[in-house]
Amino acid sequence: QVQLTESGGGSVQAGGSLRLSCAVSGYSDDLYFLAWFRQSPGKEREGVALINVRADLMDYIDSVKGRFTMPRDIAKNTLYLQMSSLKPEDTAMYYCAADSQGRVFNARWTDGNKYDYWGQGTQVNVSS
């Protein structure tokens, strides 16, 4: 079992920054991928950023490239989502997700159905 715990959400004005945290506990050595997803009311869940934890390779959706980064603290077993130049359209519940079976290798990483562990989410509100 793997547990994911997000934190760091909050309210910020457009142009501001936030850092989200995803603390990973349990059998974290079994993981292949970690990802950040977001969902706002009335919209589909959207993959935001991905890391191949074994190869340390990352990918981001176009709308956040250049604004979001994903640093890691391996000692703390924590993945971060550093968000800057935030826009009102970034407002959403942000979730951390993990793939422990390698299913993302054979799928679009933005397909949330390929992840078997999810955190409870942390809310980000960006006002204009």
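- Side-chain N or O atoms of Gln120 include none that pairs as donor or acceptor with a backbone N or O of Thr5 at under 3.5 Å.
- Inter-residue side-chain proximity for Leu4 and Leu34 is flagged as met; some heavy-atom pair is nearer than 4.5 Å.
- Arg54 contributes a side-chain N or O that, together with a main-chain N or O of Leu31, makes up a donor-acceptor pair within less than 3.5 Å.
- Atom SG of Cys22 is separated from atom CZ of Arg72 by 11.0 Å, given to the nearest 0.5 angstrom.
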Task: Evaluation steps, side-chain contact (heavy atoms from CB on, under 4.5 Å), between Met58 and Asp56 - done: CA-CA 7 Å; Met58 301 179 188; Asp56 204 26; 4.0 Å; yes
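- Of all non-hydrogen atoms in Ser127 and Pro88, the two that sit nearest each other are C-CG, 4.5 Å.
- Side-chain rings of Phe105 and Phe33 approach one another, their centers coming within less than 6.0 Å.
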Open item on the list: Apply side-chain contact (heavy atoms from CB on, under 4.5 Å) to residues Thr91 and Ser40 and explain how you reach the verdict.
Closed with: CA-CA 7 Å; Thr91 294; Ser40 51; 5.7 Å; no
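- Atom NZ of Lys65 is surrounded by more than 12 heavy atoms from other residues, nucleotides or ligands within 6.0 Å.
- With respect to the salt-bridge test (charged N to carboxylate O, under 4.0 angstrom), the residues Arg103 and Asp116 do not qualify.
- For the side-chain contact (heavy atoms from CB on, under 4.5 Å) with Leu20, the lone residue among Tyr95, Trp36, Tyr80 that qualifies is Trp36.
- Of the possible polar contacts, one joining the Thr122 side chain to the Gly9 backbone as a donor-acceptor pair under 3.5 Å is found.
- A salt bridge is absent between Asp90 and Lys87: the closest approach of a Lys/Arg side-chain nitrogen to an acidic carboxylate oxygen does not fall below 4.0 angstrom.
- Rounding to the nearest 0.5 angstrom, the gap separating the CG atom in Leu50 from the CG atom in Asp99 is 9.0 Å.
- The distance from the CG atom of Leu18 to the CE atom of Met83 is 4.5 Å, given to the nearest 0.5 Å.
- Using a 4.5 Å heavy-atom cutoff, the side chains of Val64 and Arg38 are in contact.
- With hydrogens and angles disregarded, no donor-acceptor distance shorter than 3.5 Å links the side chain of Gln39 to the backbone of Ala92.
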Task: Test side-chain hydrogen bond (donor to acceptor under 3.5 Å, both in side chains) applied to Ser25 and Gln3, step by step - done: CA-CA 5 Å; Ser25 59; Gln3 293 81 42; 3.2 Å; yes
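- Taking every heavy atom of both residues into account, Tyr117 and Ser100 meet most closely at CE1-OG, 3.6 Å.
- The local environment of CD in Gln123 is crowded, with over 12 non-hydrogen atoms from other residues, nucleotides or ligands closer than 6.0 Å.
- Taking each heavy atom of Trp118 and Gly112 in turn, the nearest pair found is CZ2-O, 3.3 Å.
- Side-chain atoms of Glu6 come within 3.5 Å of backbone atoms of Gly121 as a donor-acceptor pair (strictly under, hydrogens ignored).
- We find the CD1-CZ distance between Ile61 and Phe37 to be 10.0 Å, quoted to the nearest 0.5 Å.
- Remark: Asn125 CG to Met93 CE distance equals 9.0 Å, nearest 0.5 Å.
- Side-chain contact between Arg45 and Asn113 is present, with at least one heavy-atom pair separated by less than 4.5 Å.
- Checked against the 6.0 Å centroid criterion, the rings of Tyr60 and Phe68 do not qualify as a close aromatic pair.
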